[in-house]
A.B. asks: 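Have a look at this one before I ask anything.
Remember, it's 1-based here, ligands and their atoms both numbered in the order they're listed.
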Amino acid sequence: MFLITPIANTLQDVAVFSWDLGLTVANLVTPSRKVGHVTPAGEPGAGGKWPEYIAPGEGDSRCSCPALNALANHGILPRDGKNIKFNEFGSKIRSTYNFAASFCFFVPNFAANMLKRDYKKDSFDLADLDLHNGIEHDASLTREDSALVPNQGKVHVPFVKELLALASGKDKDGNVLLTQKDLSEYSAKRRVDARANNPNFTLSTFHKVFGSSNSSTLLTIFGGRVDDLESILIDERLPDGWESRIRKQLGLTIGSFNSTVLKVEFGINENKYKEQLAKQAAETPAESSS
Ligand code: HEM
């Protein structure tokens, strides 16, 4: 009995990663979706028309994930953020964000296991996802650490503004873009600052990579577009006319996504940020005591 569950889980992971590889290869030989037609016809958001945005009210459940909160704010997930079936919300992520079906099974299934619930039968409220050091972790880019602000459903706007102010890229249409370098730089700052300010700070290697996975969606699904990210990260709202920047027919696979995640994670240099801090401190004249 003790062995059956880990063996079954390993076999399931092997099956999911093989499926994901198949989707990655199929994406190479299938034409991309046309601009303006990424969200499938008949799904919420098709043609850029998102269902009405209503900010959450008293008693509604929200979590540390801006993308899932946005689905609830538009009524694509239940507006109160409650009683969401694990095996039903992957299809909403698939149609809204164009993540591949493999990712849309893998992450909700991971969340069900994390909460010790049954993927096939059980449900969750968005706030349940904030289990500390489950997927939620310290040094996030959009939330204060949970030891400092237990309600992880609320964005910390100054972090988002600082992050977006770093955006150093531009596309051919003149849109300002957040780049991998900007994201790595801000992640380094958050890790150093959070370690200094939160006496209960923890961040395992696993959670570092999880952090870079979450934030890499800003570059991939959202294409780094700062004008969109202001709405998505601050109001947790999908802009009118928005569609996923992933045009691959079968969506963003775990394999393709990981190439961005690893670049972001390996680009994080906490020592460089600490050296900048030390240099600034050395250049700032000491306050006179008189
Ligand atoms: C598939 C189910 C998903 C689950 C269970 C989930 C869960 C989470 C959780 C728990 C966090 C908080 C991590 C932290 O402490 O920083 C988070 C953050 C985040 N997630 Fe999700 N998420 C999911 C899907 C998505 C999708 C589809 C996107 C993008 C389209 C996305 C984008 C983000 C972003 C941008 C953050 C913020 C990262 C930060 O603050 O550093 N997530 N997610």
A.B. asks: Classify the contact between I221 and ligand 1 as side chain, backbone, both or neither, using a heavy-atom distance cut-off of under 4.0 Å.
C.D. replies: side chain
A.B. asks: State, to 0.1 Å, how close R191 and S212 come at their nearest heavy-atom pair, and which atoms those are.
C.D. replies: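 Shortest heavy-atom contact: NH2-OG, 3.7 Å.
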A.B. asks: Taking all non-hydrogen atoms of both residues, which atom of S102 and which atom of V16 are closest, and how far apart?
C.D. replies: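 The pair with the smallest heavy-atom distance is O-CG1, 4.0 Å.
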A.B. asks: Parallel, tilted or perpendicular: which one describes the rings of F105 and Y119, with boundaries at 30° and 60°?
C.D. replies: perpendicular
A.B. asks: Should side-chain heavy atoms under 4.5 Å link Ile, Leu, Val, Met, Phe, Trp and Tyr, which residues sit in the same cluster as F201?
C.D. replies: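 Cluster partners of F201: L203.
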A.B. asks: Could you work out the complete set of other residues in the hydrophobic cluster of L21, with links drawn between I, L, V, M, F, W and Y side chains under 4.5 Å apart?
C.D. replies: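 Besides L21, the cluster holds no residue at all.
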A.B. asks: What atoms of ligand 1 come within less than 4.0 Å of a heavy atom belonging to F99?
C.D. replies: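 Result: 27 (C).
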A.B. asks: Leaving out waters, which are not shown anyway, how many protein N, O or S atoms lie closer than 2.8 Å to atom 21 (Fe) of ligand 1?
C.D. replies: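 With waters ignored, the protein N/O/S count below 2.8 Å is 1.
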A.B. asks: Hey, what's the ring geometry for F257 with F99, parallel, tilted or perpendicular (30° and 60° as the breaks)?
C.D. replies: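 Aromatic pair F257/F99 classed perpendicular.
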A.B. asks: Under 4.0 Å, heavy atoms only, figure out whether ligand 1 is touched by the backbone of D138, its side chain, both or neither.
C.D. replies: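 Looking at D138 and ligand 1, no heavy atom falls under 4.0 Å.
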A.B. asks: Tell me which one of R62, E236, R237 satisfies side-chain hydrogen bond (donor to acceptor under 3.5 Å, both in side chains) with N73.
C.D. replies: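 So the option named by the test is R62.
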A.B. asks: Heavy-atom distances under 4.0 Å are what count here, so tell me which part of F110 touches ligand 1: side chain, backbone, both or neither.
C.D. replies: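 Within the 4.0 Å criterion, F110 makes no contact with ligand 1.
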A.B. asks: Does the plane of the ring in F86 sit parallel, tilted or perpendicular to the ring in F89? Use 30° and 60° as the thresholds.
C.D. replies: perpendicular
A.B. asks: Closest non-hydrogen protein atom to atom 40 (O) of ligand 1, residue and atom name please, with distance?
C.D. replies: T142 OG1, 2.7 Å
A.B. asks: Return yes or no for this condition: an N or O of S215 is under 3.5 Å from an N or O of ligand 1.
C.D. replies: no
A.B. asks: For the residue pair Y97 and F103, is the inter-centroid distance of their aromatic rings smaller than 6.0 Å?
C.D. replies: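 Y97 vs F103: aromatic centres not under 6.0 Å.
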A.B. asks: Among all the protein's non-hydrogen atoms, which is closest to atom 15 (O) of ligand 1, and how far away is it?
C.D. replies: H137 N, 2.8 Å
A.B. asks: For ligand 1, which atoms sit closer than 4.0 Å to a heavy atom of E136?
C.D. replies: 10 (C), 13 (C), 15 (O)
A.B. asks: Which of the numbered atoms in ligand 1 are under 4.0 angstrom from any heavy atom belonging to F89?
C.D. replies: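 By the 4.0 Å cutoff, the relevant atoms are 2 (C).
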A.B. asks: Here's a test for you: under side-chain contact (heavy atoms from CB on, under 4.5 Å), which of L71, N83, I84, D60 qualifies with P78?
C.D. replies: I84
A.B. asks: Considering only the protein, which heavy-atom contact is closest to atom 41 (O) of ligand 1, and what is its distance?
C.D. replies: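 Going by distance alone, atom 41 (O) of ligand 1 is nearest to L141 N, 2.8 Å.
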A.B. asks: Counting each atom of ligand 1 from 1 as listed, which ones have a heavy atom of F222 under 4.0 Å away?
C.D. replies: 29 (C), 30 (C)
A.B. asks: I need the nearest protein heavy-atom contact for atom 1 (C) of ligand 1: residue, atom name and distance, please.
C.D. replies: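 Checking every protein heavy atom, the shortest distance to atom 1 (C) of ligand 1 gives I93 CD1, 3.3 Å.
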A.B. asks: Whether the side chain of H207 engages the backbone of D138 through a donor-acceptor N/O pair (distance < 3.5 Å, no angle test) should be reported.
C.D. replies: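 Not a single qualifying donor-acceptor pair exists.
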A.B. asks: At a 4.0 Å threshold, what atoms of ligand 1 neighbour a non-hydrogen atom of L218?
C.D. replies: 35 (C)
A.B. asks: Please answer whether the main-chain N or O of N175 pairs with a side-chain N or O of D171 as donor and acceptor at a distance below 3.5 Å.
C.D. replies: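 A pair under 3.5 Å: yes.
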A.B. asks: Name all residues meeting the side chain to side chain contact (heavy atoms under 4.5 Å, CB included) criterion together with K170; count only those two or more places apart in sequence or in a different chain, and write none if there are none.
C.D. replies: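 In terms of side chain to side chain contact (heavy atoms under 4.5 Å, CB included), with neighbours along the sequence ignored, K170 is linked to V176.
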A.B. asks: Looking at non-hydrogen atoms alone, which of S187, S140, S146 comes nearest to atom 16 (O) of ligand 1?
C.D. replies: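 Closest candidate by heavy-atom distance is S140.
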